[in-house]
Amino acid sequence: MTWKERFLALWRDEGVADRPEAFDPVFYRADDALVGAIPATLSFEETVRRLSADIASGLAVRDERVIARVADRFLDDAHRHLRRNQALLARLGARYRLGLVSNFYGNLETVCHNTAIRSLFGVIVDSVRAGFSKPDPRIFMRALDGLGVAASDATFVGDSAARDMAGARALGMRHIWLIAAPPPGRPCCPGDVMIHSLADVEALL
């Protein structure tokens, strides 16, 4: 699930947000406001808490206990998934060169250190630091160059058809779409591989 979907589920549990069409603009405003506006040293926890507070403001929620509870639940869930995926990434890292490409806020290196996954990646590309965002092919090339791998020899795993799949396709890179449920329309290109859990990628590779 994307951060937007996770936050929607948490705020829905609080009885505040129930419709994506109403929540999505609030999330995107809060998300966009952090891009390039926070220090590179801001921790993962503080990033989530700031984003949660900004979303709460957009939803007109002022109860600090509710805001803290949403952030705490988001962090607990994120750490649980990260712990589960660390072993998988370590196994993959023993066989392949791993890189991380993200449209983020400028502090992705710090976040990866905080969550104990930095050492698993040979290169990490944060859109703010790179100066361009997915699906711009240049952000993918930055990672490929850092790993010393040609696009034709690489596989990109991402959860966004518009940003991840389209960007990888533009470089002729194999791409695997990580999606919770089958899309309502067609995948971005014929023969697209879709998985529903990151754990599924190991068998495909």
Side-chain angles (χ1 to χ4, degrees), residues 1-4 6 31-51 74-75 77-179 195 197-202 204-205:
M1 293 176 67
T2 64
W3 280 31
K4 176 174 66 67
R6 291 184 182 198
D31 186 58
D32 289 345
L34 294 187
V35 175
I38 59 178
T41 55
L42 194 70
S43 71
F44 177 48
E45 179 175 342
E46 287 307 313
T47 301
V48 170
R49 294 196 184 283
R50 183 177 294 195
L51 180 58
F74 185 100
L75 287 163
D77 187 59
H79 282 296
R80 179 171 58 83
H81 281 86
L82 284 162
R83 285 193 299 270
R84 183 194 67 190
N85 288 329
Q86 276 178 325
L88 167 65
L89 292 170
R91 289 195 303 274
L92 292 175
R95 299 169 56 196
Y96 306 101
R97 301 175 200 176
L98 301 183
L100 180 60
V101 178
S102 179
N103 289 354
F104 209 66
Y105 306 124
N107 64 330
L108 185 58
E109 287 266 0
T110 298
V111 165
C112 289
H113 277 295
N114 295 156
T115 54
I117 62 171
R118 177 62 188 91
S119 63
L120 300 172
F121 296 97
V123 63
I124 289 178
V125 185
D126 181 319
S127 57
V128 170
R129 300 297 164 192
F132 24 79
S133 304
K134 298 180 293 183
D136 191 319
R138 290 175 294 177
I139 195 170
F140 296 90
M141 284 304 306
R142 178 71 61 87
L144 291 168
D145 290 345
L147 293 171
V149 176
S152 58
D153 294 325
T155 299
F156 192 85
V157 181
D159 62 10
S160 169
R163 294 185 296 273
D164 298 326
M165 302 301 97
R169 182 181 69 238
L171 289 175
M173 196 187 320
R174 181 188 182 199
H175 41 286
I176 297 174
W177 192 3
L178 175 60
I179 184 169
I195 59 175
S197 167
L198 189 59
D200 299 333
V201 78
E202 193 168 18
L204 289 175
L205 296 177

Solution key, residues 106-113 side-chain donor-acceptor pairs under 3.5 Å, sequence neighbours excluded:
residue: Asn107; atom: ND2; partner: Leu42; partner atom: O; Å: 2.8
residue: Asn107; atom: ND2; partner: Thr47; partner atom: OG1; Å: 2.8
residue: Glu109; atom: OE1; partner: Arg118; partner atom: NE; Å: 2.8
residue: Thr110; atom: OG1; partner: Ala40; partner atom: O; Å: 2.5

field: No-hydrogen, no-angle side-chain donor-acceptor test under 3.5 Å, Tyr105 and Asp126
entry: no
- line: Contacts satisfying side-chain hydrogen bond (donor to acceptor under 3.5 Å, both in side chains) that involve residues 153-167 (not counting sequence neighbours) are Lys134-Asp164
query: Could you state the interatomic distance from CZ (Phe132) to CG (Asn103), rounded to the nearest 0.5 Å?
result: 11.5 Å
field: Side chain to side chain, Val101 and Arg142, heavy atoms closer than 4.5 Å
entry: no
task: Go through the structure and list residues passing side chain to side chain donor-acceptor pair (under 3.5 Å) with Arg97, not counting sequence neighbours.
output: none
field: Between CG on residue Asn85 and CZ on residue Arg80, distance to nearest 0.5 Å
entry: 10.5 Å
statement: What one should report as the nearest heavy-atom pair of Phe121 and Gly99 is CD2-C, 3.7 Å
- request: State the CG-OH distance between Leu89 and Tyr96, to the nearest 0.5 angstrom.
  value: 13.5 Å
- prompt: Looking at CE of Met165 and CG of Leu178, how far apart are the two atoms once the value is rounded to the nearest 0.5 Å?
  reply: 8.5 Å
statement: Applied to residues 86-95, the side-chain hydrogen bond (donor to acceptor under 3.5 Å, both in side chains) test, sequence neighbours excluded, yields Arg91-Glu202
field: Approximate separation, where rounding is to 0.5 Å, of Thr115 OG1 and Glu45 CD
entry: 12.5 Å
task: Could I get the full list of ring pair (Phe, Tyr, Trp, His ring centres under 6.0 Å) partners for Phe156, not counting sequence neighbours?
output: Phe140
field: Validation row: His81, Arg6 side chains within 4.5 angstrom (heavy atoms)
entry: yes
task: Heavy atoms only: give me the nearest Val123-Ala143 pair and the separation to one decimal.
output: CG1-O, 3.6 Å
- request: Could you pull out all residues at least two apart from Asp136 that satisfy side chain to side chain donor-acceptor pair (under 3.5 Å)?
  value: Arg138
query: So do Arg129 and Ile124 actually touch side chain to side chain, heavy atoms under 4.5 Å?
result: no
task: Among Leu100, Ile139, Asp145, find the residue that satisfies the side-chain contact (heavy atoms from CB on, under 4.5 Å) test when tested with Val125.
output: Ile139
query: Where do Ile176 and Val201 come nearest, in terms of heavy atoms and distance?
result: CD1-CG2, 4.0 Å
message: Could you report the tightest heavy-atom contact between Pro137 and Ala170, atom names first, then the distance?
response: CG-CB, 4.2 Å
- prompt: Are Met173 and Leu144 close enough that some pair of their side-chain heavy atoms sits under 4.5 Å apart?
  reply: yes
query: Asn114 side chain to Phe44 main-chain N or O, any donor-acceptor pair under 3.5 Å?
result: yes
